[in-house]
Every structure is written in C-alpha cells, then in structure tokens.
Amino acid sequence: MGLRWFHFAAWGLFALGLALLPELVSKGTLRTLIFANYLAIFAISWDLLSGRTGYISFGHPFLIGIGAYTSAILTKRFGVEVEIAIPIAVIVTMIAGLIVLLPALRIRGSYFALVTLAFMELMYQLVQVIRPDLTGGTRGMSGIQTLTRGAVNGFYLSSVLMFVIAVAAWLLLRTRIGTALTALGLNESAVEGSGLSTTKLKMFAFMASAFVAGLGGAFYVHYLGSIAPRALFDINFVFTIIVAVLIGGASTIVGPIIGAFFLTFLLEYLRPFLPGAERYFIYGGIALLLYMYQPKGIYAMVMKAWHSLHERATK
Amino acid sequence: MLQILIQGMLLSGLYALIAVGFTLIFSVGRTLNLAYGAYLMLGGYLYFWASQSLGVPKSLAVLMAMAFGVVLGILKFRLIVKPLKGDHIAVEISTLILAVVLQAGVILIFGDSSKILLPIVGGVIYVAGAPVTYNMLIATLASWTILLSLYLFIRRTDIGRAMQAVSMDTKGAAICGIEPDRVNLITWALSGGLGALGGVFFASYTQLAPSMWVGPLIISVAVVIVGGIGSIIGTLIVAHIVGFMEVIVVSVLAPELRGVFTMGLIILVLVLRPQGLFGREEL
Amino acid sequence: MTHALEIRNLVKTFGGLVATDDLSFDIKTGQSVGLIGPNGAGKTTVFSQIMGELRQTSGKISLFGKTLGTRPTAERIRRGVSRTYQIPRPFLELSVLENIRVGFMPNSIWSMITKGPDKDREIQLALDVGFSQNDFEKPASDLSMGDLRKLELARTIATGAKVLLLDEVFAGLTTGEISQISGLIQDLRAKGFTMLMVSHDLPALEPLVDHVIAIERGRMIATGTFNEVINDETVRASYLGEV
C-alpha cells in the first residue's frame, strides 16, 4: 500500500487532536464537532460511491435514512437491543444499496444522478404514508434510545466511529481496488476490456458506501434521539454532503473529512455574524467558487503545498 | 369524473409550461440545469415584489419577471456553464449548489415564511359544479400558446433551426458556421424567461416559498426524462400523463401520495427505457 | 489439435446492411494472421463480435475449442482473447504503470484488496513494450500516439490473454515507432501468442504474418500466404486498385 512514516504521523496526529479536543473547547463547540464527525462519515460514504466511479448520487440521504429509520423503528417499536438493531440496520441499508445499484447497471452520468434524486423524494413521500404507526409519519419519531449522555461522550463515540471508518476507507482505496475504481470512473468500457467485471466493481463501491451510510445513519439517530423525514430526505442535506466532499477534495477520503470540518466550522463561526440563512448563502457561494476554480478541493491545495515544501527541503 | 378531467387538464397545462424551458436546455446543451427550479422561484418572487410591494400593474410585473429570468439565464450560461466547458456532471453539481445559494438569498430578502400570491387574473367560473379559477385557465391557455409558438419558432425561424442543428450535432453545426455558444446563450435566455413565467403561474397556483423550486424541478425532470430528450410533443404528452396521474392519485388515493407516481415513473422509465417513451427526437 | 480461434458461418446484419457475410476461418494456436480489406469491409466488426461487444446475428465463435456463446466481454478476456482498438482507450488520469496494473488485475475483489500490485511484472512489461524508466509515473494523458499504442498493447498482454486481436496498431505512428512495435510483435510471436491483425500498412504487416485473410463487404474473398493474397485478382480489383 506504500505506507510511509508521514502517513502514520498524520493519522496519529489527527487521532491525538480528536482525543484532546474536549479539553480544549467548550461543550457547545463540541456539539458542533459531533455534527462534523457525522457529516464526515456521510461524506466518506458519498465519496466511496461517487468520488471515483463517476456515478454521482444526488440522493444519498436515501441510504442514510434507511439506516437511521431501520434502527429507530427496531429499537423503539419492537424493543430490539441497540447492539442488534444497528447491525440489522447496516444490512438493510446494504440491501437498499443494491436497489441503487440496479439503475447503475444501465445508465450513467446525469441520468443516474436523477434516479438517485427520485429515490430520495420517493422515500420522503412513502415514509409519511406507509405505516405511519411505525415511522411516525410526517412528524417523525422522538424518544429514540440514545447511546451516550453528554457532549463529551457523544463526541468520543462519533470520533472513534469516524476515525475507524476513515482509516479503513483510506486504506481500502490505496489497494488495487482503489485503482480499479478510478479506472471505472475514467473509462468503463476499457475496464471491461481489461477483463474485469464492471458490475462486480460497481457493486463493491455501492455496498461499501451503503455500509458506511447505514452505520453512520444508525449511530446518528441514536445520538439525536429523534428523526423527521423533512430534515433527512432533503435536498439541502444532499447539498451539504456533496459540498463537504467537493470543498475537501473528491475521491481522497481525507478530503471529505477536511470538507466536513471546514463547513461545520464555517457555519459555527459565521453564526454570531450571520444568524440565519445568510450562512448557507455564503458557504454555498464559497463552495461554488471553489468548485469552479479548484475542482480538486482543499486536499489538492494542501498536497501541492506539501510537495513543494518537501522538494525545497530535499534540495 | 368531470372534475378530474378539468383539474387534470389545467394542472397538465401548467406542468407543460414549467417543463418546456427545462427541455429546451436539455436538448440543445445536453445539460441538466438543476437550478432551473430557481428561475421559477425567483420569477415568482420578483412578480410578488413588483406587483404587491411596488404596485406595478400585473401585466408589467409578469414581463419584469420574464426579463429577470432572461438575465438570470444569460448570467448562468456566461458565469457557470461556459467556463466548465461541457463537463455535464460539473454543470449539474454547480447548478445544484447555485440553486441552494439562491434559495438562501431569497430567504435573506423575503424571509423564511411562505407568501400568498394574489391571482394574476381574479375570479372563478364553475364548470359542471367544479370551481375553475381564471388564473389557472389563463395559465393553461398561456402554456398552450407558448408551446405552440415555441414549436413554430423552432421549425420556422433561422435561430430555431440553428438550435435544432446544435441539438443534433454541436460540432457539425459549428462546421456549418453556426456559433454553438451564441445558440446556447439564446437557449439559456429563452429558458430563463419561460421558467420565470412558469414560476409566476406556479406560485399563484400553490404559494410562494423559498423551497418551492424542488417540486417543479422534479416535475420537469420527469417530463423530460419520460418524454424523451427534446421532444416538444413528448413534453406535452408526458406533462398530461404526470398532471392527470397526480390529480387521480390525490382524489382517489391520498393527497400525501401526490408525487409518488411521478418519482416511480422517473425511476421506471430511466431504468427500463433510458431513451424515454417517445424516443430521442431532436427538438 | 484444437484451433485457438474458430469462426463458423458468422453473420452480422445492421438492419438491411450485411456487415459480416457467412464468414468462416480458423487460426491455429501460435499462428499469426492478417485480416485485410478496404475501408468498411467489416474487419473491426469481426473483432467486436469475437469480443462480444457486438452480438452476431448467427454463426459460432469458439476459443480453444469452446464456444463463446453470449458470454460478456470481460469473461472472454479471462478465457484468453483480448483486443486493442484503432483509437486507444487509456485511463487518462492514471500513470503508465497503473494502466498496466489494471490489465494485470484478477477479477476477484478480495484479491484486489488483499494482494498488492506485482511491481516487478508491471515494470518488466512496461520495459518490454518499449517504455523507459522516466515514463512509468507519467499520466496517460501526457503520452504520444505511439506511446498510447504501446500502453494499450501492454494492458492487453497483461490480461493474460493468449489470443490477441490487434486493430490498426501502426496507424498514426512514426517510422521509428512502427519498427519498434513491429519488433515487439515479433517477440510476441516467438513467445507463442496467437494473433489476428488488422492493418492498412501492408509493408509493415508482411513480415509479421504467416497467413492473410482478405474480406470485402463482410465476405471472405481470398486467403493464403501474404503474396498469394495480394496477388489475387479479386483482391487487387477490390482493394489494391482502390489504393
């Protein structure tokens, strides 16, 4: 995998930073950071599906929502233990991932993106109508069992989860499967022409993404303690996930994490100056400019700086 | 039964009007303009601001909204679509971001709460016991008129033919001396104006809200995808399928399910027949 | 002895147009065969049918004695037949070595994840097709046409296929590049690869083939040694007369 000392150092520093944060910042900021962690998980999930393969998902909350709803319904309505509900939720989300995979076997590009958008909107409407006794209908559910009490514990749980997912996904994409998925995004017929089954590769990317989405969604709902369809199956949520990935740098896994933290901090620090929708206006604007002029994101800028520094040091 | 028929006709007319601007861009530029819904939203709001705050006469306010839509279309083409040089996915992602930015902008100016738009033309007539607002009637008539004139515009005028040529083969058209950029610009302007007009009617049919762009966008997508790229006739037919099904679902099943059929249709058609029900005509 | 490739009564029609017209031929294992014909004769269409990119209207294609039926392209490659394209299809943002890596990959996700790339084999193949050390990390988007053809050849060989279909490998190349690729094909022949080559560059083709098949409008018009075929009356009339 070509691991070098600075890879270990960077991940180690990141882990250390996460571990020390509760000592350094206020409880309020910590709660914001919990959101950053979950956003990072969702962004990694999106990146696994769309970052390399070129199959852009505009309906990622479809997967996240299935994970969240499954675990919420199992624990609240059927009294299932959380330890069992979450794995079941992950499996159900992966099955849902197969549903998203089906159109990807026939259509690409814009068409695929639209189908995923339609999946999300369909889910939004169905959740409210079908078995509202289970899903809570339009108002959603509250009083869902939470896993942690207090900001510090919530932060540690979400950090460990995010860190493990991030390292696993990052390592995964450094293997040959990462190269194969990039190749898939660049030229699908040439992948087929190299003797590889594109269906298998797509299935892998979609399953990995659904796994992370399901895990993230389930833990998220057990952190929030409540769930509502409009907050979840929302185009603004899609927007936040995609923007986090793009600002950070797609297909890098590290990028989406940077993006998620950057976005959350931007939101947090803009709050005193810009209390309402202005924040979306500004960060949307930043995202748009950045995407137009630096489509590879912050990660690419950092790497460029690092390489030029490295060169100067070795010369 | 008659009521379903009338309401279906009216709603379908409105949907056709909404979708046609979207179809235009998709067939000429092969790009999905996900910020299309934002034209509708902004058109609606501009009309609201002009007629209900400034007291501009309604017909003038409609024209202002359309002009605003045209300007928006031109700006979007110049600032976003052209610099991205035909990278469809990039255009789609950036138009999606733009839509959310515009939504935030509208909240900034007009606030989060929804607004009731006074009907453009007041009054109601009863047809077979079913109330029909003049407003919807005008929207439907306008929609038919616009679709017909657009059809003639594309078939009969030089610019229309140039648009057809670009939609069939951009490079080929360029070789024949047509400037695809200019044609695209005109298309984006036209689409912006039509979108804003559709927005005024749509807003007076439902209400004015910062999140109102998502619904019409999905309807437009459904119409374009199901109708097949660039077919104006297909647009018209599918707008009626979608409109009627919605009216039927709402009155027979449940109002909450109003969009389910539309989504299901998009998914089914894209997966089973990606070229659309009416094939891929070129405009 | 089984043939590497057996084509029996192959027919492909597009609406009213007959692209392949009752074509039958065999290629023995280790043999190198040229497929020639005027533009639009249906040479590439034959390749596409062998690879399963186009489904034949009727007829049978067998590889090492086993019929290919309706198997997908990737599976045909794993069974031992692979092709290059007239317009190369590289992974533009991947480096030369990474492009070759994709060719070497097994079709098992598990082994893609658990086993690292075999760098030595990748480098050896890259050197074999004529890349130099400096080219290894270059993205394919920076390569010349000649290098792209080498890269595609390398990826095709990397799949492990023993039957190679080479489509216009000399098109768009400089004389230096032609002799380089020609040398490479001679090496492949010596190693026992079976080859079917389409080329308009007859002088370049001549030393590389044991045997030539000429087709016109999808139908075989002559077969035999290089000299027999190009001196054939029908071939001269339809093909060489045109050039």
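The chains referred to below are lettered A, B, ... by the order of the sequence lines, with proteins before strands, and numbering in each begins at 1.
For C:Pro90, the part lying near chain A is the backbone, with the side chain staying farther off; criterion is any non-hydrogen pair under 4.5 Å. Heavy atoms closer than 4.5 Å to chain A are found in both the backbone and the side chain of C:Ser111. The contact between C:Leu94 and chain A is made by backbone and side chain atoms together, counting heavy-atom distances below 4.5 Å. The part of C:Ser82 that comes within reach of chain A is its side chain, from C-beta onward, which places non-hydrogen atoms under 4.5 angstrom from that chain.
Between A:Tyr55 and A:Phe206, the angle of the ring planes goes over 60°, which puts this pair in the perpendicular group of the 30/60° scheme.
Geometric assessment of A:Arg176 against the ring of C:Phe104 yields a negative cation-pi assignment under the 6.0 Å and 45° thresholds. The cationic group of A:Lys296 does not satisfy the cation-pi geometry with A:Tyr299, failing either the under 6.0 Å distance to the six-membered ring centre or the 45° limit from the ring axis. A cation-pi arrangement is found for C:Arg83 relative to C:Tyr85, the charged atom lying closer than 6.0 Å to the ring centre and inside a 45° cone about the ring normal.
C:Arg155 places no side-chain N or O within 3.5 Å of a backbone atom of C:Gly103 that could act as its donor or acceptor partner.
For the set A:Asn187, A:Val191, A:Thr198, the entry with the most heavy-atom pairs within less than 4.5 Å of chain C is A:Asn187. Per-residue heavy-atom pair counts under 4.5 Å with chain C were compared for A:Leu186, A:Thr182, A:Leu201, and the maximum is reached by A:Leu186.
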